[in-house]
Number of protein chains: 2
Amino acid sequence: MTDDQSAGGIRVLLAEDQGMVREALAALLGLEGDIDVVAQVGRGDEVVEAVLAHRVQVAVLDIEMPGMTGIEAAAELRRRSPGTRVVIATTFGRPGYLRKAMESGADAFLVKDAPAAELAEAVRRVLRGERVIDPTLAAAALAEGANPLTGRELEVLAAAADGAVNAEIARRLHLSEGTVRNYLSMAIQKTGARNRAEAVRIAAAKGWM
Amino acid sequence: MTDDQSAGGIRVLLAEDQGMVREALAALLGLEGDIDVVAQVGRGDEVVEAVLAHRVQVAVLDIEMPGMTGIEAAAELRRRSPGTRVVIATTFGRPGYLRKAMESGADAFLVKDAPAAELAEAVRRVLRGERVIDPTLAAAALAEGANPLTGRELEVLAAAADGAVNAEIARRLHLSEGTVRNYLSMAIQKTGARNRAEAVRIAAAKGWM
DNA sequence: TCCTGCGTATGACGGATGTCATGCCGCCCC
DNA sequence: GGGGCGGCATGACATCCGTCATACGCAGGA
């Protein structure tokens, strides 16, 4: 997963769990004369090590990855390699994702719907110190406000997401069953849903989970 | 979306809704000397027209697309352009998807986790008349057996998936509320779930929905 | 210091959900 | 022509879920 021949271009790392997509993006960036993809990883928890090993200037991270999300990896990078710029490229343009990405210190946020040319352009711009954010998404994130759900409410909602019954959620999180009901009731109200399933759907769509 | 300069290679169409991924895959295939990506579309319902317009030999289709799924597009192609070979390339390696893809006349079924080289290789092989299927996935599809859910059960389950309450499902499908309960009960039993949410999750994971 | 928000818990109530039995109709296959 | 299956329905029952009121401890901010 390391293709390290320095030719003088921008040193880029690609983190993306789907091999075919990752290699295709590498091929795409490789066509740009000023960019060298010097490392590729398929897991979030391999990002920091690879960045340090290959003196990466710009890390392009997917969000959904095994081991660690791209957002968590961005936060790690902020600590362990503060000079490295971070571009988040994700399938889902959820406002909550954008917010979390920015808080974790990302420099750019792209959705994969966008034309491919934007990726190379974003890499160049973050290296110049600019921030690159889809304006539509930025507006949506601002309009929506912050995630209203508390940590515990999110945990309970996540457990409910895969169809667990109250008693099981209680066991998993070491809570009483009544407390689980209370949290879910709160989450349902805050999301404006009519039941737990809808609450899960809404929270997921907004990138709160 | 049409990049039509014949250079004598295999004439390929790419259908994939995420622009960045689509163009990256095009770049990747473009690096192969014997393949020409002569058309790109971002919607399922544009596939047939583009295939006919560009004399496409191999169509590479994603499953999840707006307008029409890749599987439906494959079935359309089978009727309208029987000489065109079809490669399904999908994010989700669900056994039910493989089964449906094969029934709709696809020649190859790849998951995007696989190394990029397999895509070009699959294009060449289907053109020679071979079928290309991930053996692990094929085994899983056979082991699992066919979708046990009836049409109506699937419709009710799909309506329940986005958090609709029984009364609303009944209204949407013109059923009585009791009937909705019966269908959901059936679906819960057949999937081995404990409630509707888990039934939805299981059915989705197996590609039944 | 007091107030607020979060985490946790209990109890009670009404409505939603899941199960089961039973029935009817239409279709297809033997 | 009879049997089986899918689609549709009703009624009854037990449980689960969602809501609300109330309570306590702990932290952090005014």
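Because the structure is a prediction, the values reported are computed rather than measured. Here is the naming used below: chain letters follow the sequence lines, and residue numbers restart at 1 for every chain.
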- Message: Just to be sure I understand the rule, does A:Arg181 reach a base, reach only the sugar-phosphate, or reach nothing, if contact means heavy atoms closer than 4.0 Å?
- Response: base

Could you go over nucleotides 23-25 of chain C and give all protein N or O partners under 3.5 Å, atom names and distances?
none

- Interface residues of residues 183-208 of chain B with DNA chain D (non-hydrogen, below 4.0 angstrom): B:Tyr183

- Task: Only counting residues at least two apart or in another chain, list the ones meeting side-chain contact (heavy atoms from CB on, under 4.5 Å) with A:Glu49.
- Result: none

- Side-chain contact test, heavy atoms from C-beta onward, threshold under 4.5 Å: evaluate it for A:Met102 versus A:Ile133 and give yes or no. yes

- Quick one: bend of the helix from C:dT1-D:dA30 to C:dC30-D:dG1 from 5 pairs per end, to 10°? 40°

- Using only heavy-atom distances, decide whether a donor-acceptor pair under 3.5 angstrom links the side-chain of B:Asn182 to the base of D:dC8. no

- Message: Without decimals, in angstroms, what is the distance between B:Glu177 CD and C:dA16 C1'?
- Response: 8 Å

- Item | Residues which pass salt bridge (charged side-chain N to carboxylate O under 4.0 Å, His left out) with B:Arg125, listed by chain and number, not counting sequence neighbours | B:Glu130

- Can you name the salt bridge (charged side-chain N to carboxylate O under 4.0 Å, His left out) partners of A:Arg194, sequence neighbours left out? A:Glu198, B:Glu168

- Message: Going by side-chain contact (heavy atoms from CB on, under 4.5 Å), name the residues that satisfy it together with A:Ala199, two or more places apart in sequence or in a different chain.
- Response: A:Leu157, A:Ile188, A:Thr191, A:Ala193

- Message: Base, sugar-phosphate or nothing for B:Thr150? Non-hydrogen atoms, less than 4.0 Å.
- Response: sugar-phosphate

- Message: Tell me which pairs pass salt bridge (charged side-chain N to carboxylate O under 4.0 Å, His left out) where either residue lies in residues 82-97 of chain B, with sequence neighbours left out.
- Response: none

- With sequence neighbours left out, write down each residue that passes side-chain contact (heavy atoms from CB on, under 4.5 Å) with B:Thr150, or none if nothing qualifies. B:Arg152, B:Glu153, B:Lys190

- Figure out the CG/P separation between B:Leu149 and D:dG6, and round it to whole Å. 11 Å

- Item | Within-4.5 Å side-chain heavy-atom neighbours: A:Thr90 and A:Glu64 | yes

- Message: Just so I know, are the side chains of B:Asp62 and B:Val21 near enough to count as touching, which here means a heavy-atom distance under 4.5 Å?
- Response: no

- Residues passing the salt bridge (charged side-chain N to carboxylate O under 4.0 Å, His left out) test with A:Glu177, sequence neighbours excluded, are none

- Query: Residues in side-chain contact (heavy atoms from CB on, under 4.5 Å) with A:Thr91, at least two apart?
  - Reply: A:Lys112, B:Gln18

- Item | Whole-Å gap separating P (D:dG7) and CG (B:Leu173) | 12 Å

- Message: Rounded to whole Å, please give me the gap between CZ in A:Arg152 and C1' in D:dG25.
- Response: 16 Å

- Give me the residues of residues 156-171 of chain B where at least one heavy atom lies under 4.0 Å from an atom of DNA chain D, by number, or none. none

- Message: Whether B:Ser176 contacts D:dT10 is assessed here as follows: a side-chain N or O lying under 4.0 Å from the phosphate OP1 or OP2. Is that the case?
- Response: yes

- Is any side-chain heavy atom of B:Glu72 closer than 4.5 Å to a side-chain heavy atom of B:Glu76? no

- Task: Start with the C-alpha gap between A:Phe109 and A:Ile63, add the side-chain angles, then the distance that decides, and say whether side chain to side chain contact (heavy atoms under 4.5 Å, CB included) holds.
- Result: CA-CA 10 Å; A:Phe109 191 95; A:Ile63 293 186; 4.2 Å; yes

